[in-house]
Amino acid sequence: MFRHTKLLQFEAKPEKPDPVYAHKLQELIGGAFGEMSVTMQYLFQGWNCRIEGKYKDLLMDTATEEIGHVEMLATMVARLLEGAPATMTAEAVKDPVMAATLGGMDVQQAIVAGGGALPADSNGTPWNGKYIIASGNLLADFRANAAAEAQGRLQTARLYNMTDDPGVKAMLQFNLARDTVHQKQWLAAIEELKADGLEDEIAPNALLDEEDQTHNHTIWHLSDGPDGAKGTSWTTGAGIEYLMDPEPLGGPGTAPKPDPALYGTYAPLMDAKGTAKGKAKEVKNKLT
């Protein structure tokens, strides 16, 4: 059960309307790392959590807070759009400067939402459930959560520098602070999972004895520049070897003969070496 409180978690009052900035602020609502994404990510992680107690409660507490962040941002967008579509757009064509300013506003906010926020990003792309990660493995999920909060805080910081409105900046200062603590909590929760013996460094902590033991401790040097091997924390410290001149382990990536009904271009005489057919031809040629 969810219960809505009519008071915002933090105030969302701009000093004056700014339809162009309202367009930009949509990213924090419906972008890949926006508040809708973390809301749904934490909700589904919480609902999928198989352990009652502190981890599930942390997920549900944070998820419910994020719903409030969507509400704050939607309220701010509506207030930034106040009076803009109806009264300002009609006059825009008379003033080139005003026309250029209003050229950055999201017409969908006026046409579709009636002067309000949309479940979309700053390009107008609708929010997508594919943005969220809820795997059922808490180590993998908490790492994804810390990354999502880092990306969200980064975008909030950039938007913070794109406005001089004191009311908008005050709300974003609050959002930055909450993104900070959420990053800290997920990183701390990862360590607690390890301390509780529920997870280890690798997610999932299974099949480690069945994986290819030759290739579970090497980094392949596959780009120009030798400096990657100088990272002691991911080489010496992690017990990882840097292969400076790795060799390919497979044969040519040649696709098989296409189905005739698909009319793919095919030259039978150009069978590549390394394929089953190519090797068979090599054997045949040696025998003859």
Side-chain angles (χ1 to χ4, degrees), residues 1-12 22-51 54-80 106 108-109 112-113 116-160 168 171-190:
M1 180 178 75
F2 289 88
R3 184 172 308 215
H4 176 249
T5 299
K6 291 185 178 180
L7 300 177
L8 296 174
Q9 186 183 12
F10 191 85
E11 193 55 83
H23 190 174
K24 298 174 183 177
L25 207 57
Q26 281 287 156
E27 194 64 34
L28 298 187
I29 296 176
F33 301 104
E35 301 292 358
M36 287 183 65
S37 289
V38 289
T39 294
M40 299 307 292
Q41 182 154 308
Y42 303 162
L43 282 174
F44 275 90
Q45 288 179 8
W47 293 329
N48 291 344
C49 183
R50 300 301 196 268
I51 306 174
K54 58 185 178 182
Y55 295 113
K56 185 164 188 169
D57 286 359
L58 177 63
L59 282 163
M60 296 307 295
D61 283 341
T62 314
T64 307
E65 177 183 353
E66 302 293 6
I67 300 174
H69 292 181
V70 177
E71 182 180 37
M72 286 164 49
L73 286 162
T75 301
M76 179 64 82
V77 165
R79 289 170 175 173
L80 286 167
D106 187 347
Q108 290 268 306
Q109 289 174 329
V112 177
L118 296 158
D121 67 13
S122 53
N123 279 330
T125 304
W127 182 82
N128 192 320
K130 285 291 186 181
Y131 294 155
I132 76 166
I133 295 172
S135 70
N137 181 289
L138 291 181
L139 177 58
D141 284 352
F142 288 175
R143 284 176 172 164
N145 294 352
E149 293 288 349
Q151 293 290 342
R153 192 178 191 280
L154 176 61
Q155 293 179 356
T156 301
R158 288 169 174 166
L159 280 160
Y160 180 78
V168 176
M171 185 196 73
L172 293 182
Q173 287 170 342
F174 176 81
N175 288 10
L176 287 167
R178 299 310 296 163
D179 288 342
T180 295
V181 75
H182 290 163
Q183 283 188 59
K184 289 180 177 180
Q185 76 181 41
W186 297 127
L187 293 172
I190 288 169

With salt bridge (Lys or Arg N to Asp or Glu O under 4.0 Å) as the rule and sequence neighbours excluded, what pairs involving residues 58-69 come up? E65-R178
Contact summary for A148 and F33, nearest pair of heavy atoms: CA-CD2, 4.1 Å
Rounded distance [0.5 Å steps], CG in L172 versus CE in M76: 7.0 Å
Tightest non-hydrogen contact, residues L8 and E11, listed as CD1-OE2, 4.2 Å
Roughly how far, to the nearest 0.5 Å, is OG1 of T125 from CD of E27? 8.5 Å
Are side-chain heavy atoms of L28 and L25 found at a separation under 4.5 Å? yes
Closest approach of I51 and K56, non-hydrogen atoms and distance? O-CB, 3.6 Å
Whether the side chain of D106 engages the backbone of H23 through a donor-acceptor N/O pair (distance < 3.5 Å, no angle test) should be reported. no
Is it true that a side-chain atom of S135 and a backbone atom of N137 form a donor plus acceptor pair closer than 3.5 Å? yes
Test item: M40 and L43 side chains (from C-beta on) under 4.5 Å apart, heavy atoms: yes
Counting C-beta onward and ignoring hydrogens, is there a side-chain heavy-atom pair between W127 and I132 closer than 4.5 Å? yes
So, do L118 and V77 sit near enough that their side-chain heavy atoms are less than 4.5 Å apart? no
Between H69 and F174, what is the ring plane arrangement, given parallel below 30°, perpendicular above 60°, and tilted in between? perpendicular
Under a 4.5 Å cut-off applied to non-hydrogen side-chain atoms, are Q183 and T180 in contact? no
Hey, is OH on Y55 packed in by over 12 heavy atoms from elsewhere, all under 6.0 Å? yes
Got a second to check how far N175's CG is from F10's CZ, nearest 0.5 Å? 8.5 Å
Nearest-0.5 Å distance, CD of residue Q151 to CG of residue D179: 11.5 Å
Assess whether side chain to side chain contact (heavy atoms under 4.5 Å, CB included) is satisfied between Q41 and D141, documenting all intermediate values. CA-CA 9 Å; Q41 182 154 308; D141 284 352; over 6 Å; no
Non-hydrogen side-chain atoms of W186 and L58 separated by less than 4.5 Å: yes
Could you pull out the closest heavy-atom pair between A74 and A117, with the gap in Å? CA-CB, 3.8 Å
Quick check: closest heavy atoms across L80 and A22, and the distance to 0.1 Å? CB-CB, 3.9 Å
Measure the acute angle between the ring planes of W47 and F2, then classify it against the limits of 30° and 60° as parallel, tilted or perpendicular. perpendicular
Where the side chain of N128 meets the backbone of K130, is there a donor-acceptor pair that is under 3.5 Å apart? yes
What are the two closest heavy atoms between I133 and A144, and how far apart are they? CD1-CB, 3.8 Å
Just checking K54: does its NZ atom have more than 12 heavy atoms from other residues, nucleotides or ligands closer to it than 6.0 angstrom? yes
Could you give the distance from CD (Q155) to OG (S122), rounded to the nearest 0.5 Å? 8.0 Å
To the nearest 0.5 Å, atom OH of Y131 lies from atom CG of D121 at 5.5 Å
Compute whether any side-chain donor of one residue and acceptor of the other, for N145 and Q45, lie under 3.5 angstrom apart. yes
For a quick check under 3.5 Å, do Q26 and Q109 share a side-chain donor-acceptor pair by atom type? yes
